[in-house]
Amino acid sequence: MRPVRFAGTDREFGRILLHGAALLIVTLGLYRFWLNTDIRRYLWANTQIEGRPLEYSGTAIELLHGFLVAFTLIVPVYVVYFVAALNLSGYSRPLTFAAIATLVLLSQYGIYLARRYRMTRTVYRGLRFHQSGSAIHYSILASCWWSLTVLTLGLAYPYARAATERFKLRNTWYGDLPGRFDASAWPLFIRLVPMWLAVIIPALSTLLLLTPARWNALAVALRAPGEIVMRTSKVGSDFTDVGMPVILLGLITLTLAACLLPAFHAVVLRWRISAIRLDGIAAHSHLQTRDLYGAYLRFAGGALIWLVSVLVAAYAAFTLRDLVFDGAPSKMAEITQVVMVAGFFIVSAFGVTTLYRMFVRLAVWRHATNSLGLAGDTSVLLHVRMQGAAGSPLGEGIADMLNVGGL
Amino acid sequence: MTEIAPRSGPGAYFDGLTSALHEVTVELAPDGLVIRDAAGELIDRWPYMDLKSFNAPPQMLRIGLRNSDRLARLEIEDQDVADAIDLACPDIDRSGASERAERHRAIVWSFAAACSLVAVVVYGIPAVADRLVPVVPPIFEHRLSKTADERIRAAFDKGMAGRPFECGDGPGEAAGKAAFEKLVRVITAGADFHQPLRSVVLRRQEANAVTLPGHLYVLGGLIEQANNVDEVAGVIAHELGHLANRDGVRALLKGGGLSLVLGSLLGDFVGGSAVIFASETLLKLSYSRQREAEADYYAVRTMQALKADPRAFATFMERAAGSGTRRSIFMGHPPMPDRVARINAIAPPQSGGATLLDADEWKALKGICAGYR
């Protein structure tokens with residue numbers, strides 16, 4: 001029998017998601033704390049390690065509390081950012097920078113604390129996992145590494161990932177068993193460089209083609225009356241010459257990025273999982289890249305069908321609305337129009353997120369757990385001693401507010 | 001009455017101190033569970049009142065004690081025993097009915113919270129913004145308007161070679177400029193308007209006027225298409241109304257407050273951006289129609305104070321807008337016929353008979369942009 005396996009059915013998960021999506025709409029998103037708790041309960045309880053299932057002991061109320069506290073902490077930062085962005089005083093530039101830096105640091109702080117919450121709410125054989133370490137240290141470490149990643153256009157990513165995972169796993173415990181991250185960034189870097197080149201070259205070429213063009217003149221030309229291509233060509237051959245190549249290159253960049261995404265995901269996940277150590281036990285991942293391609297393709301197909309259906313329904317609805325209001329403009333007609341547009345947008349967005357969770361998130365979880373092997377003396381798992389206390393849900397609240405949440 | 005033998009069955013027990021698994025026998029005694037190990041030794045007794053069920057895979061019942069710092073767990077896969085425990089414990093409900101009831105309460109409260117959020121957004125934000133407007137020091141507005149001034153000029157100035165962008169600076173336009181400045185002085189005096197103001201006429205054909213804190217821009221087309229000085233004066237007075245009411249700051253506070261509240265509370269909710277966009281659009285437009293109405297009242301009061309014709313600018317706008325105005329709530333202004341009707345309702349026909357500019361000054365004003373034809 002596989003040491004780690006996932007036994008959950010698609011049907012059960014689908015039910016949770018659909019039910020959740022409907023309630024999210026009704027409660028303007030406030031139901032998300034219950035939905036996320038349900039999703040985690042499903043995933044944890046259906047995951048077995050050495051034959052015994054995990055347990056998620058967190059509750060939705062805890063997540064709600066975490067959110068409320070985080071809200072009161074973060075709103076002042078947003079207010080400062082907003083006021084600073086108005087460029088009202090000589091201090092505005094440093095203030096904006098300070099506000100952004102605070103938000104970045106807060107995000108990483110929230111991520112670390114949220115992980116602690118999730119760890120301590122994971123119970124296995126009557127003992128909880130826990131996470132030590134200072135969230136502030138992590139937030140500084142992670143913020144520096146991710147900034148470096150952005151500055152190097154992504155080249156530093158393997159190193160950033162290695163550094164952050166190492167910190168996290170060094171501070172992860174199951175009872176009194178310590179965790180470790182045993183991998184270096186270099187093998188990942190080697191594997192990712194071809195993908196990076198394949199995307200960065202067309203992306204940079206697109207940008208390079210665009211720089212010599214005169215943006216200001218184009219903006220003025222677009223405001224004048226007349227046909228758009230004629231107007232653009234009047235500005236100068238700059239734009240018409242580069243127009244087609246730019247669009248083409250842009251499309252190539254996007255297509256390549258989309259095609260490589262599943263491979264990227266698989267490579268990083270395999271590397272990350274195969275580095276996890278718990279005392280004498282080593283994890284290794286046999287995750288197949290093709291399984292991830294299957295998942296993403298299923299999602300893409302589903303999303304396409306969904307969006308087409310929504311468009312057809314929208315067309316029917318708008319035609320109906322025109323018939324009802326009989327072309328006579330009125331306040332009611334306008335309001336219905338806005339509400340309908342917003343409604344269709346919300347419905348399509350929800351469908352896409354639900355499909356993503358169903359076809360990608362669940363599939364990745366299933367494939368990753370089912371392909372997880374454990375080497376070393378797994379019998380230590382039978383004699384672990386209790387350690388650690390429960391963490392607060394504040395991190396979850398921060399992560400929710402700053403939109404850096406995970407599951 | 002037959003005694004039903006107490007149920008018992010196998011279970012897996014974890015004591016919460018180590019991860020060791022104990023194969024146990026679970027017996028349902030009258031007041032609780034009796035847990036015995038494989039040798040029959042008593043491990044623990046768990047009263048039914050203290051039992052709680054925890055997250056587990058579908059066919060397993062996983063129970064533990066509430067309010068315990070040890071995470072001791074008993075995992076039962078025998079369905080008969082599980083059902084018996086379910087019956088015996090008030091807090092364990094394998095059918096999920098009580099959990100569903102609790103969930104429904106949570107949903108109802110969330111829905112109520114969402115509704116009150118909407119109420120706050122629709123009524124609360126404008127109220128708070130209105131309170132805060134007097135508190136914002138004028139220096140902020142002037143900072144804002146300086147940036148905006150540069151942008152307006154960049155947007156409007158076609159940069160036609162050799163022509164000064166402001167009317168009144170070209171050949172033969174000086175008299176017009178003097179007339180215009182006199183007109184503005186008269187109006188600001190009549191309106192009791194004391195904010196520092198720089199007023200210019202821009203060399204454009206559109207019939208419009210725009211204000212920013214400290215700046216008044218009248219577009220050349222307005223003067224060209226006006227039939228008399230009262231029409232121009234009324235439009236200028238309307239624009240001064242926006243400045244007097246500090247509508248720029250007001251809009252900023254309302255818009256900003258809206259984004260802040262909705263953006264923070266809706267969180268990760270993917271459709272949230274659609275909700276935010278839709279509500280911002282609808283609310284901004286209803287706010288601005290109100291502000292336009294206020295500016296219209298200000299104009300009427302000013303024109304009455306000056307003993308000029310308060311209805312003139314309504315007539316002008318009606319003419320300038322043409323007959324094909326789409327009635328739409330998406331226009332920042334109320335639809336023209338409504339607006340004209342409202343103005344005519346509050347403004348009595350001219351009682352004064354004042355002339356804000358004499359015939360020569362009016363002629364000069366008309367020629368303010370005539371330097372380059």
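So you know, we letter chains A, B, ... as the sequences are listed, proteins then strands, and number each from 1. Predicted model, so just to flag it, every value in this text is computed and none were measured.
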Part of [X] lying under 4.5 Å from any heavy atom of chain B:
X: A:Leu23; value: side chain
X: A:Val384; value: both
X: A:Leu54; value: backbone
X: A:Ile61; value: neither

Give the member of A:Phe33, A:Tyr174, A:Tyr42, A:Trp34 that has the highest number of heavy-atom pairs under 4.5 Å with chain B. A:Trp34

Greatest number of heavy atom pairs closer than 4.5 Å to chain B - which of A:Ala7, A:Pro53, A:Gly175: A:Pro53

Could you measure the distance from the [atom1] atom of [X] to the [atom2] atom of [Y]? Nearest 0.5 Å is fine.
X: A:Met386; Y: B:Arg70; atom1: CE; atom2: CZ; result: 8.5 Å
X: B:Tyr13; Y: A:Arg125; atom1: OH; atom2: CZ; result: 14.0 Å
X: A:Ser57; Y: B:Arg62; atom1: OG; atom2: CZ; result: 10.0 Å
X: B:Thr18; Y: A:Leu127; atom1: OG1; atom2: CG; result: 6.5 Å

A:Arg52 side chain to B:Leu21 backbone, donor-acceptor under 3.5 Å: no

Donor-acceptor contact present, side-chain B:Asn55 to main-chain A:Tyr56, <3.5 Å: yes

Name the member of B:Ala56, B:Ser110, B:Ala113, B:Ala112 that forms the most heavy-atom pairs with chain A at distances under 4.5 Å. B:Ser110

Does CZ belonging to B:Arg131 count more than 12 external heavy atoms closer than 6.0 Å? no

Do other residues, nucleotides or ligands put more than 12 heavy atoms under 6.0 Å from A:His19 NE2? no

Closest heavy-atom contact between B:Phe111 and A:Thr27? N-CG2, 3.9 Å

[X] versus [Y]: any side-chain heavy-atom pair under 4.5 Å?
X: B:Leu71; Y: A:Arg128; answer: yes
X: B:Ser19; Y: A:Arg385; answer: no
X: B:Pro58; Y: A:Asn46; answer: yes

Check each atom of B:Ala20 against the heavy atoms of chain A and say whether the ones under 4.5 Å are side chain, backbone, both or neither. both

Carboxylate-amine/guanidinium proximity below 4.0 Å for A:Asp38 and B:Arg103: yes

